[in-house]
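Following: one structure in structure tokens, then a few remarks.
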Amino acid sequence: MRDFSTALRTRRLVAIVRGTDPDASFRTVMTLVESGVPLVEVSLSGADALGVLRRARAELGPDAWLGAGTVLTADDARRAADAGANLIVTPGLGAGVDEAVRIGLPVLGGVLTPTDVIAAEAAGVTALKIFPASAMGGPAYLKALRAPFPGTAFVPVGGVDAVAAAEYLALGAVAVGVGSPLIGDAADGGDLNALRTRAAEFVRVAETAGRAETAAPAQAVDLAETAAPAQAVRR
């Protein structure tokens with residue numbers, strides 16, 4: 001299996017599909033992938049989520065990333081894997097995380113507090129989903145949480161619109177998870193063209209953040225090389 005951490009840091013965006021209409025949810029997954037959003041989570045709290053996962057896996061093939069979200073129990077994790085999920089996403093820590101780690105699936109595990117972060121890393125999660133991020137202060141909370149955990153892979157989720165996504169990514173989030181601001185009513189039978197438009201906006205935000213991150217080390221090297229001759233002259 002390809003490395004989910006690399007995919008997360010490259011794509012910077014996870015779409016969260018939770019719908020009342022299984023057919024519309026399946027179409028939403030396919031539209032997102034076709035629109036350049038290859039990291040998609042299907043929440044188990046949506047209608048016939050396991051059926052949506054099976055259909056999407058059959059259509060996308062074995063190599064695509066396809067997550068199951070709202071995984072709470074060990075049974076949830078096993079059923080999701082059987083339906084074709086190769087990524088487990090949880091709102092918090094518990095049996096769902098433990099079982100996913102046991103069977104070898106990458107986990108985007110939900111955390112909220114510093115105690116959660118320590119426990120999640122000890123449990124072996126791949127990346128940490130800050131949820132609900134907006135309720136804790138949004139980007140300001142990510143900044144505060146990164147102070148004691150600067151190397152931790154955080155993915156804020158909850159109330160993330162395009163503006164907030166750009167702020168989170170600029171503050172060091174490896175990616176953002178986006179539900180209704182991206183999906184809208186598409187998974188309930190809504191307009192897929194509107195979904196494509198929203199997807200394009202979020203992809204632009206993610207790609208802009210990726211370019212900025214790539215440029216930063218190069219700028220640092222340029223500054224260091226510029227400073228070196230000046231220091232030599234002063235000596």
Side-chain angles (χ1 to χ4, degrees), residues 4-18 28 32 35-41 43 65 67 69-70 87 89-92 106-118 120-121 125-187 194-220 223:
F4 177 66
S5 294
T6 299
L8 197 61
R9 293 176 183 278
T10 301
R11 295 296 183 171
R12 316 298 299 273
L13 175 64
V14 179
I16 303 166
V17 177
R18 178 186 291 105
T28 297
L32 287 165
S35 300
V37 185
L39 303 182
V40 182
E41 162 198 340
S43 171
W65 286 111
T70 323
L87 164 67
V89 186
T90 73
V107 179
L108 180 53
V111 300
L112 194 57
T113 68
T115 300
D116 291 342
V117 173
I118 294 168
E121 293 186 326
V125 303
T126 309
L128 281 65
K129 164 184 166 180
I130 304 175
F131 177 78
S134 60
M136 295 300 290
Y141 186 64
L142 170 66
K143 183 177 181 180
L145 201 56
R146 287 196 74 233
F149 304 106
T152 298
F154 287 117
V155 181
V157 176
V160 181
D161 60 14
V163 172
E167 293 178 5
Y168 282 126
L169 294 171
L171 286 170
V174 296
V176 291
V178 186
S180 57
L182 168 57
I183 307 304
D185 63 354
L195 173 62
R196 292 183 181 96
T197 298
R198 292 189 297 271
E201 180 182 16
F202 276 96
V203 168
R204 281 195 296 271
V205 169
E207 289 179 344
T208 298
R211 287 195 296 270
E213 188 173 89
T214 300
Q219 292 172 346
L223 288 173

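Position 1 is the first residue of the sequence; numbering continues from there. For clarity, every value in this text was computed on a predicted model and none was experimentally measured.
Of all non-hydrogen atoms in Phe202 and Ala165, the two that sit nearest each other are CE2-CB, 4.3 Å. The two atoms that bring Glu167 and Pro139 nearest to each other are OE1-CG, 3.1 Å, heavy atoms only. Shown here for Arg9 and Ala153, the closest heavy-atom pair between the two residues is NH2-CB, 3.8 Å. Shortest non-hydrogen contact noted between Ala127 and Val155 is CB-CG2, 4.3 Å. The two atoms that bring Ala144 and Pro148 nearest to each other are O-CD, 3.2 Å, heavy atoms only. Between Leu13 and Ala206, the closest heavy-atom pair is CB-CB, 4.4 Å.
With values rounded to the nearest 0.5 angstrom, Trp65 atom CH2 is found 10.0 Å from Leu8 atom CG. Here the straight-line distance linking atom CG of Asp161 with atom CG of Leu182 works out to 11.5 Å at 0.5 Å rounding. Here the straight-line distance linking atom OG1 of Thr28 with atom CD1 of Ile16 works out to 13.5 Å at 0.5 Å rounding.
Counting heavy atoms from C-beta on, the side chains of Pro114 and Leu145 come closer than 4.5 Å. Residues Val14 and Lys129 fail the side-chain proximity criterion, which asks for heavy atoms closer than 4.5 Å. Looking at Ile118 and Phe149, their side chains come closer than 4.5 Å, going by heavy atoms from C-beta outward.
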- Message: One pair to check against side-chain contact (heavy atoms from CB on, under 4.5 Å): Leu112 and Met136. What are the steps and the verdict?
- Response: CA-CA 8 Å; Leu112 194 57; Met136 295 300 290; 3.3 Å; yes
- Message: As a quick check of understanding, evaluate side-chain contact (heavy atoms from CB on, under 4.5 Å) for Leu171 and Arg146, giving each step before the final call.
- Response: CA-CA 9 Å; Leu171 286 170; Arg146 287 196 74 233; 5.7 Å; no
- Determine, step by step, whether Leu87 and Phe4 satisfy the side-chain contact (heavy atoms from CB on, under 4.5 Å) criterion, reporting the C-alpha distance in whole Å, the side-chain angles of both residues, the deciding distance to 0.1 Å, and the verdict. CA-CA 8 Å; Leu87 164 67; Phe4 177 66; 3.7 Å; yes
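Checked by atom type and distance alone, the side chain of Thr90 never pairs as donor or acceptor with a backbone atom of Gly109 at under 3.5 Å. Checking side-chain atoms of Thr70 against main-chain N and O of Ser43 turns up no donor-acceptor pair under 3.5 Å. A distance-only check finds a donor-acceptor pair linking the side chain of Arg198 to the backbone of Ile183 [under 3.5 Å]. Using modelled atom types, one side-chain atom of Ser134 and one backbone atom of Gly158 make a donor-acceptor pair closer than 3.5 Å. A donor-acceptor distance shorter than 3.5 angstrom exists from the side chain of Thr126 to the backbone of Val107, with no hydrogens or angles considered. At distances below 3.5 Å, at least one donor-acceptor pair connects side-chain atoms of Arg12 with backbone N or O atoms of Ala173.
Of the residues Leu169, Ile130, Val205, the one that meets the side-chain contact (heavy atoms from CB on, under 4.5 Å) test with Val176 is Leu169.
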